[in-house]
K.L.:
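Take this structure, written in structure tokens, and hold onto it; I'll ask about it next.
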There are 2 protein chains.
Amino acid sequence: MNSEANAPTPIEPMRRETQAERFERIYKVIRERISVLEYGPGTVLNEGLLSEEFDVSRTPIRSVLQRLNYEGLVTTRNGVGTIVTEVDVKTFKDIYALRMRLAEDMSVLSPVAPSPQMLNEFHRLREKVRKLREGPPDHKAYARLCNAVHEQQLELTENKVLAEINDLLYYRAARVWLAFLPNIEWDEVLEILENEIADTTRALELGDMHGVGNVRRQNLFIILKTIGRFLVGV
Amino acid sequence: MNSEANAPTPIEPMRRETQAERFERIYKVIRERISVLEYGPGTVLNEGLLSEEFDVSRTPIRSVLQRLNYEGLVTTRNGVGTIVTEVDVKTFKDIYALRMRLAEDMSVLSPVAPSPQMLNEFHRLREKVRKLREGPPDHKAYARLCNAVHEQQLELTENKVLAEINDLLYYRAARVWLAFLPNIEWDEVLEILENEIADTTRALELGDMHGVGNVRRQNLFIILKTIGRFLVGV
DNA sequence: TTGAGGTAAGCCGCATGCAGCATCGGAACC
DNA sequence: GGTTCCGATGCTGCATGCGGCTTACCTCAA
């Protein structure tokens with residue numbers, strides 16, 4: 001078939017996927033499904049079905065689910081299945097309070113100088129939000145966009161450990177916000193997001209990393225307050 | 001044998017250990033061994049040997065090792081074994097910088113009012129340090145004491161998520177300090193620890209939670225600086 | 001003596017069979 | 001009709017055999 005010179009693929013000539021790479025791939029797929037509420041809280045994940053879908057045995061699937069378990073996204077119950085967690089109000093508040101602090105820390109501890117590529121990426125994300133505003137509500141697309149913004153924000157610190165923890169906390173509680181979207185005006189939701197991106201970009205262009213942290217912090221606060229409006233009775 | 005009234009064990013009448021409990025037990029044993037340098041950096045852990053020691057198959061041992069892997073305490077390499085990680089200098093600094101911030105956060109976010117039991121516990125710990133100062137250097141006992149102090153400090157916040165993260169970061173990097181102990185005067189090491197406990201107790205008695213955070217922060221700074229003395233050449 | 005190549009042993013990653021647990025529905029009894 | 005018990009079903013947890021990877025040692029040749 002192939003080989004025999006010709007060099008059709010200069011780099012990565014048919015390299016098979018590593019174990020670790022496959023694990024990471026499956027992990028991220030399932031995590032995203034949880035984060036965009038494709039697997040909503042209470043959903044029961046079946047090891048057998050997942051192993052069929054990803055064409056591996058139950059063993060590696062179990063590894064992935066165990067990791068998601070440690071990260072608080074699912075809980076596994078013997079004889080039943082692996083269940084996507086509900087985030088209780090107290091935990092949600094704890095996480096957001098902490099994320100607000102960490103947003104400041106990020107700009108204090110080891111901020112990175114904003115690169116042109118990064119600015120470009122933020123502009124691109126803002127454009128995507130604008131596109132989304134024109135169409136009808138699409139919560140999944142919105143969620144994916146939030147994930148992408150989050151991904152970029154992780155790049156703003158050189159402190160890898162801090163970035164890791166931010167990542168953990170984001171995926172652990174961000175989906176609560178998604179669950180509240182139906183109660184909120186669609187355009188308002190997107191305006192909040194676009195504002196955050198715009199403000200962040202502005203601060204980045206000025207090299208004002210402290211400002212970037214404040215924007216993030218303020219945004220988390222807005223989300224916390226907005227959700228709080230619906231929790232007064234609880 | 002038993003049963004037939006008599007009630008020899010009023011509570012927990014011969015209840016077998018749950019899966020989760022066994023997992024937690026094995027996990028904590030291995031984590032402690034790593035944290036007190038019984039398994040020093042570079043040590044190769046063998047799934048087969050561990051499964052013999054704990055009298056289970058390789059499967060649950062693998063679960064525990066995978067968790068330790070996610071937490072950054074070990075890395076598993078195919079065909080070789082599970083290796084206790086070395087903490088590189090940069091990561092160490094990142095973690096301590098973060099822990100210093102979190103020490104403040106702990107007293108700001110959700111401090112708990114100090115209870116008499118807690119004060120008692122701190123007094124007890126201080127007594128233990130005094131005992132340790134009288135004897136010859138015993139790094140393992142010192143390490144266990146540090147773990148115990150850490151455990152108590154986790155009780156100082158009601159923010160469970162914050163406590164979790166503190167725990168993760170502590171076990172991930174605290175053993176670096178232990179590795180430097182041979183370079184430092186034994187009595188100085190214990191004095192630092194006793195001072196921290198004493199200062200913390202004093203602040204707790206005054207209900208000054210902010211002070212507690214500052215004491216913790218200052219102590220982390222001392223450790224960071226002390227280690228820094230030996231890293232100038234690196 | 002030194003270097004390289006090959007071989008053998010040991011370990012982890014995966015697949016799979018089996019046992020224990022949880023749940024649901026039907027049947028039997030009150 | 002309502003309730004309780006029990007059996008069937010399906011799922012996760014565990015044990016284990018096998019394949020692939022890594023490494024160390026031994027051999028042989030330069």
Side-chain angles (χ1 to χ4, degrees), chain A residues 12-31 33-34 39-86, chain B residues 12-31 33-34 39-86:
Chain A
E12 306 251 351
M14 270 308 192
R15 191 171 63 81
R16 239 185 40 248
E17 192 181 39
T18 308
Q19 314 162 350
E21 287 168 352
R22 185 177 65 187
F23 177 93
E24 200 72 8
R25 179 171 57 85
I26 298 176
Y27 163 71
K28 285 194 173 165
V29 168
I30 297 180
R31 189 179 65 167
R33 288 180 187 170
I34 294 173
Y39 294 154
T43 304
V44 177
L45 306 182
N46 184 304
E47 296 178 358
L49 291 177
L50 287 172
S51 65
E52 276 183 31
E53 176 185 346
F54 291 101
D55 198 32
V56 292
S57 83
R58 281 177 51 216
T59 308
I61 295 292
R62 279 178 64 76
S63 288
V64 169
L65 293 180
Q66 279 176 35
R67 174 161 184 184
L68 293 169
N69 183 24
Y70 301 144
E71 295 177 352
L73 272 63
V74 302
T75 57
T76 300
R77 283 175 46 194
N78 189 353
V80 180
T82 298
I83 300 155
V84 179
T85 53
E86 317 237 11
Chain B
E12 308 252 349
M14 269 305 192
R15 191 171 62 83
R16 242 191 29 252
E17 192 180 37
T18 308
Q19 315 162 348
E21 286 170 352
R22 186 178 62 185
F23 178 93
E24 200 70 9
R25 179 171 58 84
I26 298 176
Y27 164 72
K28 286 196 172 164
V29 168
I30 297 180
R31 189 179 67 167
R33 287 180 187 171
I34 293 173
Y39 294 155
T43 303
V44 178
L45 306 182
N46 184 305
E47 294 179 357
L49 290 176
L50 287 173
S51 64
E52 276 183 30
E53 177 186 345
F54 291 101
D55 198 34
V56 292
S57 83
R58 281 176 51 216
T59 309
I61 295 292
R62 280 177 63 76
S63 288
V64 169
L65 293 180
Q66 279 175 35
R67 173 160 184 183
L68 292 169
N69 183 24
Y70 301 143
E71 294 176 351
L73 272 62
V74 301
T75 56
T76 300
R77 282 175 46 193
N78 190 352
V80 181
T82 298
I83 299 155
V84 179
T85 53
E86 317 237 11

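Scope of the values below: all heavy atoms of this structure, side chains included, with no hydrogens, waters or symmetry mates. Note that the structure is a prediction, hence the values are computed from the model and not measured. Residue numbers start from 1 in every chain, and the chains themselves are labelled A, B, ... in the order their sequence lines are given, proteins ahead of strands.
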K.L.:
Evaluate the side-chain proximity of B:Asn69 to B:Thr82: yes if any heavy-atom separation is below 4.5 Å, no if none is.
P.N.:
no

K.L.:
Taking all non-hydrogen atoms of both residues into account, name the closest pair between A:Phe23 and A:Ser63 and its distance.
P.N.:
CE1-CB, 3.5 Å

K.L.:
C:dG20 P sits how many Å from B:Arg22 CZ, rounded?
P.N.:
13 Å

K.L.:
Take the protein atom CD1 of B:Ile26 and the nucleotide atom P of D:dG13, then report the distance between them rounded to whole Å.
P.N.:
15 Å

K.L.:
Please report, rounded to the nearest Å, how far the C1' atom of C:dC11 is from the CG atom of B:Leu50.
P.N.:
13 Å

K.L.:
Considering all heavy atoms of both residues, which atom of A:Thr85 and which atom of A:Pro41 are nearest to each other, and what is their separation?
P.N.:
O-CB, 3.5 Å

K.L.:
Between the main-chain N or O of B:Val84 and the side-chain N or O of B:Thr43, is there a donor-acceptor pair closer than 3.5 Å?
P.N.:
no

K.L.:
Taking A:Leu65 as the fixed residue, which of A:Leu45, A:Leu73, A:Thr75 is the one that meets the side-chain contact (heavy atoms from CB on, under 4.5 Å) rule?
P.N.:
A:Leu45

K.L.:
Can you name the closest pair of heavy atoms from A:Pro60 and A:Arg22 and give their distance?
P.N.:
CG-NH2, 4.4 Å

K.L.:
A:Phe54 has an atom CZ; how far is it from atom C1' of C:dA15, in whole Å?
P.N.:
18 Å

K.L.:
Take atom CZ in B:Arg77; do more than 12 heavy atoms of anything else shown fall under 6.0 Å from it?
P.N.:
no

K.L.:
Mind checking if A:Leu45 touches a base, just sugar-phosphate, or nothing, with heavy atoms under 4.0 Å?
P.N.:
sugar-phosphate

K.L.:
So which one's nearest nucleotide on DNA chain C is more toward 5', A:Gln19 or B:Gln19?
P.N.:
A:Gln19

K.L.:
Round to a whole Å and report the spacing from CZ of B:Phe23 to P of D:dG13.
P.N.:
11 Å

K.L.:
Looking at residues 55-73 of chain A, who's got a heavy atom less than 4.0 Å off DNA chain D?
P.N.:
A:Arg58, A:Arg62

K.L.:
Expressed as a whole number of angstroms, how long is the span from B:Glu47:CD to D:dC21:C1'?
P.N.:
14 Å

K.L.:
Taking Watson-Crick (N1-N3 plus N6-O4 or O6-N4) and G-U wobble (N1-O2, O6-N3), each under 3.5 Å, can you produce the dot-bracket string of DNA chain D? Use [ ] for crossing pairs and | for inter-strand ones.
P.N.:
||||||||||||||||||||||||||||||

K.L.:
If I take atom CZ in residue A:Arg77 and atom C1' in nucleotide C:dG20, what distance separates them, rounded to the nearest angstrom?
P.N.:
15 Å

K.L.:
Tell me, do B:Phe54 and B:Val29 make a side-chain contact under 4.5 Å, heavy atoms counted?
P.N.:
yes

K.L.:
Using the side-chain heavy atoms of B:Asn78, tell me which of these nucleotides is nearest: C:dC14, D:dC14, D:dC21.
P.N.:
D:dC21

K.L.:
Would you mind reporting whether B:Leu68 and B:Arg31 have side-chain heavy atoms less than 4.5 Å apart?
P.N.:
yes

